[in-house]
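Read the structure below first, then the notes.
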Amino acid sequence: MPGLAFFNIISGMLDPKFVRENSQLVKTLIEKRGVKLNWKDFLSLSQKRNEILKKVESLRFEQNKASKEIGWKKQEGENAASVIAEMRKVSDNLKILEEELKVLDEKVHAFLLTVPNIPHESVPEGKDEEDNEEVRRFGRPPDFSFSPKPHWDIGADLGILDFERASKIAGARFVIYYGAGALLERALINFMLDVHTREKGYREVIPPYVANEESLTGTGNLPKFEDDLFKLRGYSWYMIPTAEVPLTNLFRDEILEGEKLPARFAAYTPCFRQEAGSYGKDVRGLIRLHQFNKVELMTFSTPESSYDELEKLTADAEDILRRLDLHYRVVALCTGDLGFAGAKTYDLEIWMPHRRKFVEISSCTNCEDFQARRAGIRYRPGPMEKPEYVHTLNGSGVAAGRTVSAILENYQQEDGSVLVPEVLQPYMNGLERISVP
RNA sequence: GGAGAGGUGGCCGAGUGGUUUAAGGCGACGGCCUCGAAAGUCGUUAUUCUGAUUUUUCAGGAUCGUGGGUUCGAAUCCCACCCUCUCCGCCA
């Protein structure tokens with residue numbers, strides 16, 4: 001008997017019942033993102049699906065009843081041939097309807113997988129990044145008595161960054177770090193992990209750097225954004241684009257105890273992205289690479305406290321930049337700039353002196369129950385109570401490569417050397433300055 | 001890579017075609033007992049969908065690793081895949 005398991009276990013991203021019963025509201029909210037979808041077809045499909053489901057269920061009821069009767073008759077040694085003949089017809093009929101139902105279920109589910117999350121009411125409305133709202137700022141741009149160099153020139157002059165040889169080994173959009181540059185990147189990763197795990201209540205995780213299709217569907221990267229992922233040839237594995245993928249899937253298809261929430265995790269991983277469609281952008285330097293290092297923060301929360309957790313997560317990521325004494329600002333993404341799975345996102349943007357611009361260095365997002373629903377992550381509020389979906393939050397805490405570029409540019413000196421931020425010196429064997437060789 | 005064993009509810013574990021409507025146990029929750037607790041005892045104890053009722057239930061469907069197949073009927077039989085464990089080989 002063909003099951004409906006796939007519809008039952010992985011519901012859509014949004015609650016299918018809620019979408020069906022409030023389609024007008026959902027449509028309006030989704031359209032704030034500037035996304036248009038074919039709601040009419042969805043509604044008629046969904047309605048049709050329920051009609052067929054009712055028919056299938058009543059036929060199965062009949063079948064179950066008759067089945068018991070046949071068993072009972074056979075045990076008594078009676079002849080059950082007439083009932084069996086009748087049930088054969090029911091069974092044939094059922095097979096046709098079940099096939100129809102399966103097709104409809106797949107269509108409804110496929111539609112729901114393409115619907116993005118509903119933005120939180122506090123998210124500013126807008127078309128694109130121009131409409132994002134600045135929330136706060138820290139520090140101010142450094143004063144230079146000379147014209148500041150871009151970080152790729154600084155790195156090349158110091159002999160710590162090498163883009164040319166990286167492209168020989170791998171290709172464009174890769175980098176090699178040498179000596180103090182490699183040490184700086186490593187020091188940053190250790191510094192960030194130490195702050196988050198010792199002071200902020202996150203548990204360190206080293207996850208796999210590849211993930212399967214189920215995991216990437218759970219986070220919302222599949223099926224819509226396959227083009228940005230590297231797939232391993234001959235395997236159903238993908239290189240992770242962020243540690244958010246393995247971390248979110250830690251508890252896929254599990255029911256957590258309510259007392260264990262909020263559960264906070266921090267993971268350092270490399271991240272791998274195709275960056276398809278960004279050919280002209282950020283072609284130089286450490287800003288946009290196919291492989292980069294990142295410390296990721298992840299929180300599983302109850303629905304009640306998830307927005308408090310978003311503030312905490314953002315503040316924890318910010319604290320890294322504060323301790324490095326880097327000028328940054330916090331921006332609330334508008335409806336049009338919000339990512340697929342996000343209900344609300346704060347971006348942390350770091351000041352880059354050469355470009356005289358802020359550049360994203362962290363993105364802190366509350367996905368509410370969107371990912372949890374796709375990935376089946378629930379919690380039990382109390383003993384004997386019904387399970388509910390958790391809220392998932394993630395944020396970079398922060399991107400290591402971009403931080404290196406910010407340090408090089410903001411801490412550069414007229415003689416070409418770069419001062420090491422004080423908090424990093426213990427992580428770099430006391431090194432205070434990276435000098436021209 | 002070779003050989004073998006296995007996957008059943010929160011956990012352990014029985015179940016080789018039809019009163020299995022998944023036994024039994026552990027744990028958890030509640031009642032009784034008690035000054036209180038332990039012990040004892042009685043009861044409750046999965047998830048999910050549809051529809052009624054409406055906030056408390058009721059009726060029905062699905063779920064025994066996943067997906068197919070055989071059958072009037074599958075946890076049980078057949079096929080494919082996934083995962084776990086044991087032994088051997090190779091390897092950081």
Side-chain angles (χ1 to χ4, degrees), chain A residues 1-21 43 45-109 112 206 208-218 232 234-238 246 249-261 369 372-390:
Chain A
M1 187 183 294
L4 305 171
F6 108 109
F7 191 81
N8 294 337
I9 290 168
I10 309 177
S11 328
M13 56 178 6
L14 299 175
D15 184 350
K17 201 203 238 164
F18 181 81
V19 175
R20 203 184 326 124
E21 287 167 3
L43 282 179
L45 277 175
S46 181
Q47 211 178 341
K48 187 91 199 282
R49 181 245 169 203
N50 267 23
E51 279 167 28
I52 305 250
L53 179 64
K54 267 187 246 175
K55 282 189 201 164
V56 166
E57 288 191 347
S58 74
L59 281 182
R60 283 212 272 245
F61 179 46
E62 215 178 303
Q63 199 178 44
N64 287 344
K65 257 195 332 199
S67 218
K68 270 171 217 162
E69 201 183 314
I70 292 166
W72 177 78
K73 278 192 174 175
K74 287 226 165 176
Q75 207 136 47
E76 304 287 310
E78 286 179 43
N79 191 338
S82 67
V83 191
I84 289 177
E86 206 176 308
M87 280 304 110
R88 194 168 288 152
K89 278 185 226 156
V90 172
S91 177
D92 289 344
N93 201 353
L94 199 49
K95 266 181 194 135
I96 296 165
L97 285 171
E98 276 169 346
E99 189 51 40
E100 238 176 288
L101 182 63
K102 199 178 135 195
V103 170
L104 287 168
D105 264 348
E106 274 164 15
K107 283 185 181 166
V108 166
H109 189 239
L112 287 170
I206 300 180
Y209 301 159
V210 298
N212 57 28
E213 269 175 47
E214 289 79 20
S215 296
L216 286 150
T217 304
L232 267 60
Y235 295 85
S236 60
W237 287 335
Y238 296 81
N249 282 283
L250 274 176
F251 303 120
R252 174 150 52 86
D253 296 324
E254 291 189 32
I255 300 172
L256 308 172
E257 285 167 47
E259 309 152 9
K260 296 207 172 139
L261 302 180
D369 68 359
R373 192 179 293 281
R374 287 170 81 114
I377 312 165
R378 291 174 292 174
Y379 77 104
R380 205 179 291 280
M384 300 280 118
E385 285 187 62
K386 267 186 106 49
E388 282 182 46
Y389 288 107
V390 301

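- A22(B) and G9(B): their C1' atoms are spaced 9 Å apart (whole Å).
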query: Would Ser67(A) and Asn64(A) count as a side-chain hydrogen bond (donor to acceptor under 3.5 Å, both in side chains) if you check the C-alpha gap in whole Å, the side-chain angles of each, and the deciding distance to 0.1 Å?
result: CA-CA 5 Å; Ser67(A) 218; Asn64(A) 287 344; 5.9 Å; no
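- Both Glu21(A) and Arg88(A) sit near RNA chain B, but only Glu21(A) has its closest nucleotide nearer the 5' end.
- Taking atom P on both A52(B) and A14(B), the two are 44 Å apart, rounded to the nearest angstrom.
- When the nearest nucleotides of RNA chain B are assigned to Arg20(A) and Ser58(A) by heavy-atom distance, the more 5′-ward of the two goes with Arg20(A).
- To the nearest whole angstrom, the two C1' atoms, one in U20(B) and one in G24(B), are 14 Å apart.
- Rounded to whole Å, the separation between the P atoms of A59(B) and U44(B) comes to 16 Å.
- Rounding to the nearest 0.5 Å gives a distance of 9.5 Å between CD of Gln47(A) and CZ of Arg20(A).
- In this structure, Asn64(A) atom CG and U71(B) atom P are separated by 19 Å, rounded to whole Å.
- With a 6.0 Å radius and a threshold of 12 heavy atoms from other residues, nucleotides or ligands, Ile206(A) has its CD1 atom at or below the threshold.
- The separation of U19(B) from C87(B), taken at their C1' atoms, amounts to 45 Å, rounded to a whole angstrom.
- To the nearest whole angstrom, the two C1' atoms, one in A37(B) and one in C32(B), are 15 Å apart.
- Phe61(A) has its CZ atom 14 Å from the P atom of U21(B), to the nearest Å.
- For the C1' atoms, the distance linking G40(B) with U34(B) amounts to 12 Å, nearest Å.
- The separation of G69(B) from A74(B), taken at their P atoms, amounts to 12 Å, rounded to a whole angstrom.
- Closest to the side chain of Ser67(A), out of U48(B), G73(B), G60(B), is G73(B).
- Comparing G18(B), U47(B), G73(B) against the side chain of Ser91(A) picks out G73(B) as the nearest.
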